[in-house]
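The structure appears right after this line, and notes come after that.
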Amino acid sequence: MSGGTNSGAADGTHGGAGVRRGPLAGLRLTSLRLRLVVVFALVALTAAVSASGIAYWLNREAVLTRTQDAALGDFRQEMQNRAAALPLRPTPAELQKTAEQMAGGGDYSVVLVGERAEGKPITGASDRDTFTMEDVPRSLQVAVNDRQDVDAGNSEPYHLYWQRTERRGEPYLVGGTRIMGGGPTGYLFKSLDQERQDLNSLAWSLAIATLLALIGSALLAQAAATTVLKPVHRLGEAARRLGEGKLDTRLRVSGTDELAELARTFNKTAASLEKKVADMSAREESSRRFVADMSHELRTPLTALTAVTEVLEDEADSLDPMIAPAVNLVVSETRRLYDLVENLMEVTRFDAGTARLVLDTVDVADQVTACVDARAWLDAVDLDAERGIMARLDPRRLDVILANLIGNALKHGGSPVRVSVRPGDSELLIEVRDHGPGIPEDVLPHVFDRFYKASASRPRSEGSGLGLSIAMENAHIHGGTITAANSPDGDGAVFVLHLPRDVSALADCEAAGSDDADSGTGGGDRGGRNEGDAQ
């Protein structure tokens, strides 16, 4: 008999725990804080599960190996001391007694198999209610009774074999060997239920430890996220305030880590931005003041020049034919210069934010008709405006808008120009459509730009180049806008004025009472489309 030990069938003692989805499983990772917590938790869970799994496996093998080695060693010793002492042909009573004696020294059951005659086996069991030959796996019986050749690598013909199995859900260790030279064959049957209970307790302990590690990692992640995200939140708030125009916003810098360096960079950027904006504001204010002062200073001599040109115009018919063209040129250019100065003064009011609305409830159709009639455009303009469409707005500024849009269409689009008024629930639409060649696609985005020139070949025009820009500014101050497009059928351009029907909420009533007497353009840029608006 040898001490060799081989392993056979699958182990019936095992443990494990199903993985459950945590409370964060159904949440979308929409915040950095949540992502940090999840990542920390996953790392901790992976580490804890790995450590627990390794610890469980090592302890399981140690427990089972110690138990089975002790049982098999004791069983081997009992086979050598008691079973080997039986006669070659033992009686059933002798086998029974020896099996009971062998089992009495350990916590396992024994079955001994002998022969009363050649080919007539008999058995003796320590406890037939617990263990019989029917409980011994067939594969183990074959291995135990297999006689092997004795050679240099194998000194014994028979060996001790074992395997772990289950019976009615309870794990057992089954082992067997036989006596050399013609003796009984013995089988061991030991319950591993106590070991399974111990391993289950260990598994629960490791699972609790894993859960505690997961909770601890989540708390640690929350603390880390708070530490990291609080400066990020402050940076976001500071960036928001900076975007709102509060250029004196600064971050408190503490520490020497990357976040502190980011705060320092933000402060340097904010300081540089504040300085540049202040410089730009100062230059803009200086330019605006220069334009306003220049326009104001030009007004007085221009008024005198205008009076002189009016006298010259009245006397043009009596002048020398050689002088008359020069006089007419002086008259037209003086008027153009006067219109330009008036437009510049209007622009400076918008830039300075001093333009105010003087509201009145008006019939829009009457306003359009008055605008067209005042400029003698009735023969060239087709009106589609029903009376009774009331709106509360600034009549003078509406006249400025209409004069520039209609005059622009007459000059660059050609008559007839169609003006349509379409009322809405809260919005008023006034459409100005001409029948010209349309606006080039590359010019459309710039038609409301100041002094925009569509072509270098047209360095000047009869208008000031500010008419549409002023019209847009007057629409904006009403809370509206103007859109420009080409007609879908390719027949001319279409300008649409969008205005609220009641702009009372936008008007400052107190400021309206002290509003300066803006002269406006009043169609002074008559027909003057911006220099880039040529169709």
Side-chain angles (χ1 to χ4, degrees), residues 342-343 346-347 349-350 353-378 380-410 416-434 447-448 466-485 493-527 529:
E342 291 294 318
N343 287 339
E346 183 77 355
V347 168
R349 292 189 187 97
F350 286 117
T354 59
R356 294 289 183 269
L357 291 173
V358 180
L359 300 183
D360 192 9
T361 302
V362 298
D363 188 312
V364 178
D366 289 345
Q367 288 294 308
V368 175
T369 302
C371 174
V372 174
D373 184 48
R375 292 160 180 84
W377 290 340
L378 285 175
V381 177
D382 182 10
L383 294 178
D384 180 13
E386 296 182 3
R387 294 180 58 82
I389 302 174
M390 308 304 293
R392 184 163 180 79
L393 41 75
D394 188 327
R396 186 189 66 80
R397 295 190 182 278
L398 177 61
D399 183 77
V400 171
I401 298 172
L402 293 172
N404 281 292
L405 293 181
I406 299 173
N408 185 78
L410 287 172
V417 171
R418 183 176 180 82
V419 180
S420 303
V421 179
R422 300 195 301 272
D425 293 338
S426 59
E427 187 180 45
L428 179 68
L429 300 180
I430 301 178
E431 179 183 283
V432 179
R433 178 189 296 265
D434 62 44
V447 293
F448 297 105
L466 292 172
L468 291 181
S469 174
I470 291 175
M472 179 64 83
E473 294 289 353
N474 279 291
H476 285 167
I477 200 174
H478 280 87
T481 187
I482 305 173
T483 60
V494 180
F495 288 81
V496 181
L497 170 64
H498 302 256
L499 289 179
R501 295 191 66 169
D502 187 352
V503 296
S504 300
L506 300 175
D508 186 351
C509 297
E510 295 181 358
S514 59
D515 188 19
D516 56 356
D518 296 26
S519 60
T521 59
D525 192 22
R526 304 190 196 274
R529 175 172 288 169

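In this text the structure is predicted, and so the values were computed from the model without any measurement.
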Is a donor on one side and an acceptor on the other found under 3.5 Å between the side chain of Asp394 and the backbone of Val358?
yes

Nearest heavy-atom pair of Leu402 and Val368: which atoms, and what distance?
CD1-CG2, 3.8 Å

Should we say atom CD of Glu427 is surrounded by more than 12 heavy atoms from elsewhere, each under 6.0 Å from it?
yes

Option among Val421, Asp360, Val372, Val362 that satisfies the side chain to side chain contact (heavy atoms under 4.5 Å, CB included) test with Gln367
Val362

Minimal non-hydrogen separation, Ile401 against Ala471, with atom names
CG1-O, 3.7 Å

Side-chain donor-acceptor pair under 3.5 Å between Arg501 and Ser426, yes or no?
no

What are the two closest heavy atoms between Ala484 and Phe448, and how far apart are they?
CB-CE1, 4.0 Å

Grab the two heavy atoms, one from Ala403 and one from Cys371, that are nearest each other, plus how far apart they are.
N-SG, 3.7 Å

Between Asp399 and Pro395, is there a donor-acceptor pair closer than 3.5 Å when you use the side chain of the first and the backbone of the second?
no

Heavy-atom pair with the smallest gap, counting every atom of Asp363 and Gly388
OD2-N, 2.8 Å

Which residue in the set Val494, Asp382, Val417 passes side chain to side chain contact (heavy atoms under 4.5 Å, CB included) when paired with Arg433?
Val494

Could you tell me whether the side chain of Glu431 reaches within less than 4.5 Å of the side chain of Val419, counting heavy atoms only?
no

